[in-house]
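Written out below as structure tokens is the structure these notes cover.
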Amino acid sequence: MNITTQLKEVLADLPEGVRLVAVSKFHPASAIQEAYDAGQRIFGESREQELSVKQPALPQDIEWHFIGHLQTNKVKYIAPYIAMIHAVDTFRLLAEIDKQAAKAGRVIPCLLEIHIAQEDSKYGFTFDSCQKMLLEEPWRSLQHIRIAGVMGMATNTDDSAEVQKEFAALKQFFDELKERFFADDPNFREISMGMSHDYLLAVAEGSTLVRVGSKIFGERIY
Ligand SMILES: *Cc1c(COP(=O)(O)O)cnc(C)c1O
């Protein structure tokens, strides 16, 4: 697997305005450095402990995105530097990010994770629970977070019609939220969807951030 070649191949697939999060979880710092040397600056990790080891060891202008499920008690470790948190699925987590961002003197862009796949998952808002949170919770008073959009993962299936339908539903939900809650907020603009096996479908349905790991770095060893 040649990381530079793979990276360029993925980038060539992305229209202007769509950014790549290179998902480097379970891959060593040397692999990240290789992609960095080829020009990549945004990297995605899903475990706080792993990220906390990599972040100090790699170039400081890397934009680290936290893409996995984040426990509230881990927020404090990443708040000083994290560039975006993709999978916020409770108001409680949003409030904790706000608190830790305030301590770090920062404003952290966050995405609301929406459950769009057919598989069961304990993570992610439903369309209804997300609207309910935005209606009922005092998120507008949080000064140190910015709700920057939505994030979702499609069903892991070869049925591309199903995957396309799920991505289209997330785009439609983003448009609804934009109109209802964020009409005057230019920061609400990201739709994080698309992984190695489905990012082309995601881009066709309006993704602004794709999260691609194994296609760039090779299969992960668990
Ligand atoms: C691991 C992961 C990815 C990347 O998956 P690949 O199939 O390796 O591209 C994207 N998003 C999330 C949330 C992940 O956990």
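Using modelled atom types, one finds a donor on one side chain and an acceptor on the other under 3.5 Å when comparing Asp37 with Gln33. Arg180 and Gln131 share a side-chain donor-acceptor pair at under 3.5 Å. In this structure, a donor-acceptor pair under 3.5 Å is absent between the side chains of Glu119 and Thr155. For the 3.5 Å distance criterion, the side chains of Ser192 and Arg211 qualify, holding a donor opposite an acceptor. Between Glu48 and Ser52, the side chains place a donor N or O and an acceptor N or O closer than 3.5 Å (distance only, hydrogens not considered).
Partner of Phe125 under the side chain to side chain contact (heavy atoms under 4.5 Å, CB included) criterion, out of Met133, Glu113, His115: Met133 alone.
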Verdict with reasoning, Val88 to Leu70, per side-chain contact (heavy atoms from CB on, under 4.5 Å): CA-CA 8 Å; Val88 175; Leu70 179 59; over 6 Å; no

Any chance you could lay out the side-chain contact (heavy atoms from CB on, under 4.5 Å) test for Leu134 and Leu112, step after step, and finish with the verdict? CA-CA 10 Å; Leu134 291 170; Leu112 302 176; 4.2 Å; yes

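Partners of Gln40 under the side-chain hydrogen bond (donor to acceptor under 3.5 Å, both in side chains) rule, at least two apart in sequence or in another chain, do not exist in this structure.
Ring geometry for Phe43 against Trp64 counts as tilted: the plane angle lies between 30° and 60°, on a 0 to 90° scale. Between Phe174 and Phe188, the angle of the ring planes stays under 30°, which puts this pair in the parallel group of the 30/60° scheme.
Under 4.0 Å is where a charged nitrogen must lie from a carboxylate oxygen, and between Lys25 and Glu50 no such pair does. A salt bridge does not link Lys76 to Glu96: none of the charged side-chain nitrogens sits closer than 4.0 Å to a carboxylate oxygen. Checked for salt-bridge contact, Lys132 and Asp128 miss the test: no charged N lies under 4.0 Å from a carboxylate O.
Applying the 6.0 Å contact sphere to NZ of Lys99 captures no more than 12 heavy atoms from other residues, nucleotides or ligands. Atom CZ of Arg19 sits in a crowded spot, with more than 12 heavy atoms from other residues, nucleotides or ligands closer than 6.0 Å.
Asp89 is not listed as a side-chain neighbour of Ile114, based on a closest heavy-atom distance of 4.5 Å or more.
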